[in-house]
Amino acid sequence: MALMAGLRVPARALLRSGCWLRGAALAGAEAAAGLGAGVRRFGSQRVLVEPDPAAGVAVVKLKSPPVNSLSLELLTELVISLEKLDNDKTFRGIVLTSDLCGVFSAGLDLTELCGRSPAHYAEYWRALQELWLRLYLSGLVSVAAVNGASPAGGCLLCLSCDYRVLADSPSCVIGPNETRLGIVAPFWFKDCMVNTVGHRAAEQALQLGTLFPPAEALRVGLVDQVVPEDQVQSTALAAMARWLAIPDHARQLTKSMMRKPTADRLAKHREADVQSFVSFVSRDSIQKALQTYLEKLKQKG
Ligand SMILES: CCCCCCC/C=C/C(=O)SCCNC(=O)CCNC(=O)[C@H](O)C(C)(C)COP(=O)(O)OP(=O)(O)OC[C@H]1O[C@@H](n2cnc3c(N)ncnc32)[C@H](O)[C@@H]1OP(=O)(O)O
């Protein structure tokens, strides 16, 4: 414990990225999923892609310790991986999950939103828009295997997928907690919430900044299944098989019909949305609120 305390960040990062205690179980799960010998992983520093060409599925794992916060680098690497998979006819579906233990994604990286220049905020927001549009409109079936906490921007990632499986653990909370930080979710995040849980539930969750525990997330329709932690990935792959049983062209046209009007609201006004974000995040009051929240997080750690 003393050693762990002395080496706090690296030890935590190692524990999370290596998932030491679960290594054997994961190797077993990979073998069961057909990801064993002969299949080459690819990806980048922060995004690991485990392809199963025979199944036409790739498992995309976020691995940016300590908490998969959406830094500019992680956003960029994820967009590149998704683009690559979208353009590769081998693949018909992706499972999006975390390589870290206990956290799916902590949402936007708050260090990207504090004390930076307007040009940086603009670049960051464009990258977030790009990721959302790519994932939300992807022709691939996307299943989120949510194996950890997923607040705010993490929740947005999940909502952008076609289907969500959440681990049944008290730490696996999910929801739009932005208002609790004193910030406001963009309209396209709000639209995603409304499309998933309906207007009334979305309004309450967004205003109150609710982080739902698994049973509540299932009840409100924010996720589609809640399963024991060690079954999240296999359940996601089973769900994927059901979605892949549908002919791609019919499913893709239907997905586009359902989602394009929502995506177009952003796609047609991207630059205005960037400018609105930059002016909001640059306000002194917002900078103070974000700094205070970040400091509290660090003190807690
Ligand atoms: C200005 C307008 C913006 C509009 C945008 C609206 C759309 C989206 C907004 C967002 O996504 S804002 C981010 C919201 N996220 C959160 O509130 C989550 C905050 N984090 C947590 O609650 C916890 O960290 C966790 C994810 C539940 C994990 O808990 P755990 O106990 O496992 O780890 P911690 O000790 O808390 O954290 C470790 C380490 O990581 C740092 N950190 C955590 N979250 C973030 C983050 N989002 N961005 C940057 N850094 C983060 C935390 O400070 C610790 O740092 P150290 O102490 O190790 O330095």
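Atoms within each ligand, like the ligands themselves, are counted from 1 in listed order.
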**Prompt:** Near His199 NE2, under 6.0 Å, is it more than 12 heavy atoms from other residues, nucleotides or ligands?
**Reply:** no
**Asked** Backbone, side chain, both or neither: what part of Val173 comes under 4.0 angstrom of ligand 1, heavy atoms only?
**Response** neither
**Asked** Can you list the atoms of ligand 1 that are under 4.0 Å from a heavy atom of Val281?
**Response** 1 (C)
**Asked** Within less than 4.0 angstrom of ligand 1, does Trp125 place any heavy atom?
**Response** yes
**Item:** ILVMFWY cluster membership beyond Leu211 - transitive side-chain contacts under 4.5 angstrom
**Value:** Val173
**Asked** Should one rank Gly102, Ala289, Ser276, Ala152 by closest heavy-atom distance to atom 14 (C) of ligand 1, which comes out on top?
**Response** Ala152
**Prompt:** Hey, does the side chain of Lys255 reach the backbone of Leu140 with a donor-acceptor pair shorter than 3.5 angstrom?
**Reply:** yes
**Message:** Any nitrogen or oxygen of Lys298, side chain or backbone, less than 3.5 Å from one on ligand 1?
**Reply:** yes
**Message:** Distance under 4.0 Å to a non-hydrogen atom of Ser69: what atoms of ligand 1 satisfy this?
**Reply:** 46 (C), 48 (N)
**Proximal candidate to atom 39 (C) of ligand 1 [heavy atom criterion; set Pro186, Pro66, Gly148, Ala185]** = Pro66
**Message:** Is there a polar contact, in the sense of an N or O pair closer than 3.5 Å, between Leu110 and ligand 1?
**Reply:** yes
**Prompt:** Would you say Arg164's side chain and Leu222's backbone share a donor-acceptor pair under 3.5 angstrom?
**Reply:** yes
**Prompt:** Can any side-chain N or O of Ser105 pair as donor or acceptor with the backbone N or O of Gly107 at less than 3.5 Å?
**Reply:** yes
**Asked** Counting heavy atoms only, which part of Ala106 comes closer than 4.0 Å to ligand 1: side chain, backbone, both or neither?
**Response** both
**Prompt:** Taking NZ, NE, NH1 and NH2 as the nitrogens, is one of them in Arg126 or Glu130 under 4.0 Å from a carboxylate oxygen of the other?
**Reply:** no
**Asked** Any N or O on Glu178 sitting closer than 3.5 Å to an N or O of ligand 1?
**Response** no
**Message:** Under a 4.0 angstrom heavy-atom cut-off, which atoms of ligand 1 come close to Phe280?
**Reply:** 1 (C), 2 (C)
**Item:** ligand 1-proximal atoms of Val184, by part, heavy-atom distance under 4.0 Å
**Value:** backbone
**Asked** Does a side-chain N-to-carboxylate-O contact under 4.0 Å join Asp162 and Arg259?
**Response** yes
**Message:** So for ligand 1, is Tyr293 a polar contact partner (N or O within less than 3.5 Å, distance only)?
**Reply:** yes
**Message:** So if I count the atoms of ligand 1 from 1 in the order they appear, which ones are less than 4.0 Å from some heavy atom of Lys300?
**Reply:** 29 (O), 30 (P), 31 (O), 34 (P), 36 (O)
**Asked** Of Gln129, Glu123, His269, which is the lone residue that meets side chain to side chain contact (heavy atoms under 4.5 Å, CB included) with Val274?
**Response** Gln129
**Message:** With nothing but distance in play, are any N or O atoms of Gly153 less than 3.5 Å from an N or O of ligand 1?
**Reply:** yes
**Ring-ring centroid check Trp125 Trp188, cutoff 6.0 Å** = yes
**Asked** At a 4.0 Å threshold, what atoms of ligand 1 neighbour a non-hydrogen atom of Gly107?
**Response** 11 (O)
**Item:** Sidechain N-carboxylate O distance under 4.0 Å for Asp273, Arg270
**Value:** no
**Asked** Salt-bridged, Lys190 to Glu203, with N to O below 4.0 Å?
**Response** no
**Leu108 contact mode with ligand 1 (heavy-atom cut-off under 4.0 Å)** = both
